[in-house]
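Report on the following structure.
Bear in mind the structure is a predicted one, so any value in this text is a computation, not a measurement. In what follows, every chain begins at residue 1, and chains take the letters A, B, ... in the order their sequences are listed. The analysis underlying the following values was restricted to heavy atoms, covering all of them including side chains, and did not include hydrogens, waters or symmetry mates.
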Amino acid sequence: MRQSVLFWQTQRTDPADAELASHRLLVRAGLIQRFTSGIYGLTPLGLMAQQRIEDLVREELTQAGAQEVRLPFVQPFDLWRRSGRGAEDLPELMRLRDRRGEELALALTAEEAMTELVRRQGVHASQLPLLLTQTGLKFRDELRPRGGLMRLREFLMQDAYSFDLDEQGMTESFARMRLAYRRVFERLDLDVREVAAASGMMGGAGALEFQMPLAAGEDEIIACRACGYVANREAARRSPRGGMGKGVASLSPVETPGATQIATLATALGCREADILKAVFYDKAGTTVLALVLGDRQVGEEKLQAVVGGSLRPLAAEEAHGRGLVVGYAGPVALEVTGTLIIVADMEVEQASGLVCGANREGWHLAGVTPGRDFSWQMAADIAQVAEGDACPECGMPLGVERTLELGHIFRLGTRYSERLGLHCQGSDNVLRPLWMGSYGIGISRLLAAVIERHHDDRGIVWPAEAAPYAVHLLVLGEDSDVTTLAQEVAGAWQDRLLWDDRAVTAGVKFHDADLLGLPWRLTVSRRSLAQGGVELRRRLDGQTRMVRREEVPQMLRDLLTGDAGQG
RNA sequence: CGGGCUGUGGCGCAGUUUGGUAGCGCGCUACCUUGGGGUGGUAGAGGUCGCGGGUUCGAGUCCCGCCAGUCCGACCA
């Protein structure tokens, strides 16, 4: 491709709002353009890079036995309603209505659509296990998109779905996809950790996330360095600290004016935050849920939700008031609220004694509170968030918290969707059974951001061979006829497979743009290189440079452009 | 849902306090210059100053309303 006609423009200054390296570089290297929050366009070079990644993922899925299909991006909302996800609290699902009033929704994942596709055509047992995949646009109406391509509203995702006769089959398909995804991350040179996860809005059990460590990431994983235990923040467990609180004592009220915060209270009473009982209120369909954790803990809302069931929502201050709670001084001892109340105690609370908690009276707390003696609860469970340094649930050694970016997610769905949407298959025993499904998603757009996040230096992108839009950047310096002739000779038959900087700009500009774009190999043709008998070859990764004699150029280009001469 | 900040050529910004012909740098076009690390110069093109209303002889600037973007908080009782 001749650069003088390529639709491409780099930028000399950093965009004002980019804090992520990948965001900054994608914009400066002219690969993306923002249209509105979380919605971007790609330029030719940006699209080529994305397509390389898309093709690579497709290759691995084909290897795993997947067949590619295309599902609608605009889907009938009724499909969502029938699967049971339309009625749930799914604010990311973008709904719209056409002019006749038909309710539609934009694809957010494709469990429903894929199940429907298979159901409509029907499937024979002989076709199982069936693995179907598509690469398609997804739209999620995120509250806060951010970081360039890191968290988008509209994005490209490769999703796949497996269909098996029984649970055993599903587990085998799941294992096959897990390997396929591992290969993808290996080929893109991304170090990714497999993490046990909560299944969230997908439903099902035994989900696995692929998380890449990244300081600017938005997920957190909990990992034990001693035994290898790893879990998502939402699913992480810890072994409880026993014997918190000040020991058994008699119950006594203490006056604590203005101490409505844990930190303030701890200072006022001269105790540890862990000696205070923290009470957090939620609403579950009209029922008040009181979650009790020790004062230095955070309630793990996903964990609480898993224990309580249904969907929880934090209670606003006015609402809490309305139900008879004394905001700032609420506690479980002799608590009376309007309506139903469920008290859930964290397992650490159960084992503590001599705690401080709110007295349900403005300006007063209670000291010497002992769980079990002074108040009771309906459920005791692990509902607190794990913190740095907590004891590993497997081996007891300290746990660490790490920020990560989620790149892929695979689920064992079971028969949830096939049952609700009526997808059955007849086995050899002549009985119709719902199919066992798995769901697998990998974010192509986000993968593009992750590759740059992981592969760049202070001058620009450093593409890994498998994702580079072109393998070779040919720079022509000067306009002497000798140089021009050599350039044309070099570009020769490979013109379409390399980027050829034939612009009339100075050498410095070309070098800077080449470094910024970061193609794996740079070939320079100039009067100087000519004097040394050929062209200069430079590797972007480490700057290693050598001269290639004129007559060796065709062979070298063949090596670089047809495969195995990557960066490694 | 709340708070802060910001909306001015493609990008980065000044101008708003004190109302008076819309500016700078980068990028873009043409020509010259330079030609191994963003060369120097000359001449140009490009703007509903986020949107609507108001005050005024006159509004990017003052007033009211709205919208968008962005950052922080979201809840610990």
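Heavy atoms only, all atoms of each residue included: L474(A) and A487(A) are closest at CD2-O, 4.1 Å.
Contact check, T506(A) against U39(B): a side-chain N or O comes under 4.0 Å of OP1 or OP2. The side chain of R12(A) places an N or O atom within less than 4.0 Å of a non-bridging phosphate oxygen (OP1 or OP2) of G27(B). The phosphate of C28(B) has neither OP1 nor OP2 within less than 4.0 Å of any side-chain N or O from R503(A).
Candidate nucleotides G36(B), C75(B), C13(B) were compared by shortest atom distance to the side chain of Y282(A), and C75(B) ranks first. Picking from C13(B), C76(B), C11(B) the nucleotide with the shortest atom distance to the side chain of V299(A) gives C76(B). For E479(A), taking side-chain heavy atoms from C-beta onward, the closest of the listed nucleotides G69(B), G35(B), C75(B) is G35(B). With distances taken from any side-chain atom of V509(A) to the nucleotides G38(B), A77(B), C11(B), the minimum falls on G38(B). Of all nucleotides listed (C11(B), A77(B), G36(B)), C11(B) comes nearest to the side chain of T13(A).
When the P atom is compared between G60(B) and A22(B), the two are found 8 Å apart, to the nearest whole Å. C66(B) and G20(B): their C1' atoms are spaced 29 Å apart (whole Å). As rounded to the nearest Å, U61(B) and U17(B) have C1' atoms that lie 10 Å from one another. The separation of C75(B) from C26(B), taken at their P atoms, amounts to 48 Å, rounded to a whole angstrom. Between G10(B) and G47(B), the two P atoms lie 8 Å apart (nearest whole Å). Nucleotides C63(B) and C72(B) place their P atoms 29 Å apart, quoted to the nearest Å. Comparing the C1' positions of C13(B) and C57(B) gives an interatomic distance of 33 Å, to the nearest angstrom. Comparing U21(B) with A59(B), their P atoms are spaced 12 Å from each other, to the whole Å.
Nucleotide G20(B) has C57(B) as its partner under the Watson-Crick or G-U criteria, with both atom distances under 3.5 Å. As the counterpart of A14(B), no nucleotide is assigned, since no Watson-Crick or G-U wobble pattern has both distances under 3.5 Å. G37(B): no Watson-Crick or G-U partner with both key distances under 3.5 Å is found in any strand. Both distances falling under 3.5 Å, in either a Watson-Crick or a G-U wobble arrangement, place G2(B) opposite C72(B).
In this entry the distance linking CZ of R146(A) with P of G73(B) reads 10 Å, nearest Å. Distance D296(A) CG to C76(B) P: 16 Å, rounded to the nearest Å. The distance from atom NZ of K278(A) to atom C1' of C75(B) is 9 Å, rounded to the nearest whole Å. In this structure, E536(A) atom CD and G37(B) atom C1' are separated by 12 Å, rounded to whole Å. Here C75(B) presents its P atom at 19 Å from CG of L292(A), a figure rounded to the nearest Å. The interatomic distance linking L477(A) (CG) with U39(B) (C1') rounds to 14 Å, in whole Å. Residue R459(A) contributes atom CZ, which lies 11 Å from atom P of G38(B) at whole-angstrom precision. Look at NZ on K510(A): it is 10 Å from C1' on G35(B), rounded to the nearest Å.
Contacts of I262(A) with the nucleic acid, taken as non-hydrogen atoms under 4.0 Å apart, involve only primed sugar atoms and P, OP1 or OP2. Note on V505(A): a base of the nucleic acid sits closer than 4.0 angstrom, heavy atoms only. Residue-level contact check: R522(A) touches the bases, meaning some heavy atom is under 4.0 Å from a base atom. Among the heavy atoms of the strands lying under 4.0 Å from Q9(A) are primed sugar atoms or P, OP1, OP2 only; no base atom is included. Residue contacts shown for A279(A) include a base, since a base heavy atom lies under 4.0 Å away. Contacts of E19(A) with the nucleic acid, taken as non-hydrogen atoms under 4.0 Å apart, involve only primed sugar atoms and P, OP1 or OP2. Counting any heavy atom pair closer than 4.0 Å across all strands shown, R297(A) reaches no nucleic acid atom. Among the atoms of the strands shown, only primed sugar atoms or phosphate atoms (P, OP1, OP2) are found under 4.0 Å from some heavy atom of D14(A).
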Enumerate, atom names and distances included, each donor-acceptor pair closer than 3.5 Å involving a side-chain atom of residues 353-363 of chain A, sequence neighbours excluded.
unit_1	atom_1	unit_2	atom_2	d
N360(A)	OD1	G331(A)	N	3.0
N360(A)	ND2	G331(A)	O	3.1
N360(A)	ND2	V333(A)	O	3.1

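Annotation: the span from I221(A) atom CD1 to E209(A) atom CD amounts to 9.5 Å, rounded to 0.5 Å. Here the CG atom belonging to L156(A) is positioned 11.0 Å from the CG atom belonging to L149(A), to the nearest 0.5 angstrom.
Using bins of under 30°, 30° to 60° and over 60° for the plane-to-plane angle, the ring pair H473(A)/W8(A) lands in the tilted bin.
Here the side chain of K246(A) pairs no donor or acceptor atom with the backbone of A367(A) at under 3.5 angstrom. No side-chain donor-acceptor contact under 3.5 Å links D502(A) to the backbone of R2(A). The backbone N or O of G518(A) lies less than 3.5 Å from no partner atom in the side chain of D515(A), so there is not a single donor-acceptor pair. No donor-acceptor distance shorter than 3.5 angstrom exists from the side chain of T10(A) to the backbone of R28(A), with no hydrogens or angles considered.
By the 4.5 Å heavy-atom criterion applied to side chains, V344(A) and Q378(A) are not counted as neighbours.
Residue-to-nucleotide proximity on RNA chain B shows that, of V326(A) and V476(A), the 5′-proximal contact is made by V476(A).
The stretch residues 341-352 of chain A has no heavy atom under 4.0 Å from RNA chain B, so no residue of it qualifies as close.
Side-chain to base pairing of Q11(A) with G12(B): no donor and acceptor N or O lie closer than 3.5 Å to each other. Between the side chain of D17(A) and the base of G69(B), no donor-acceptor pair of N or O atoms lies under 3.5 Å. For T524(A) against G36(B), a side-chain-to-base donor-acceptor contact under 3.5 Å is absent.
Test T267(A), L265(A), D296(A) against E273(A) for side-chain contact (heavy atoms from CB on, under 4.5 Å) and you get one pass: D296(A).
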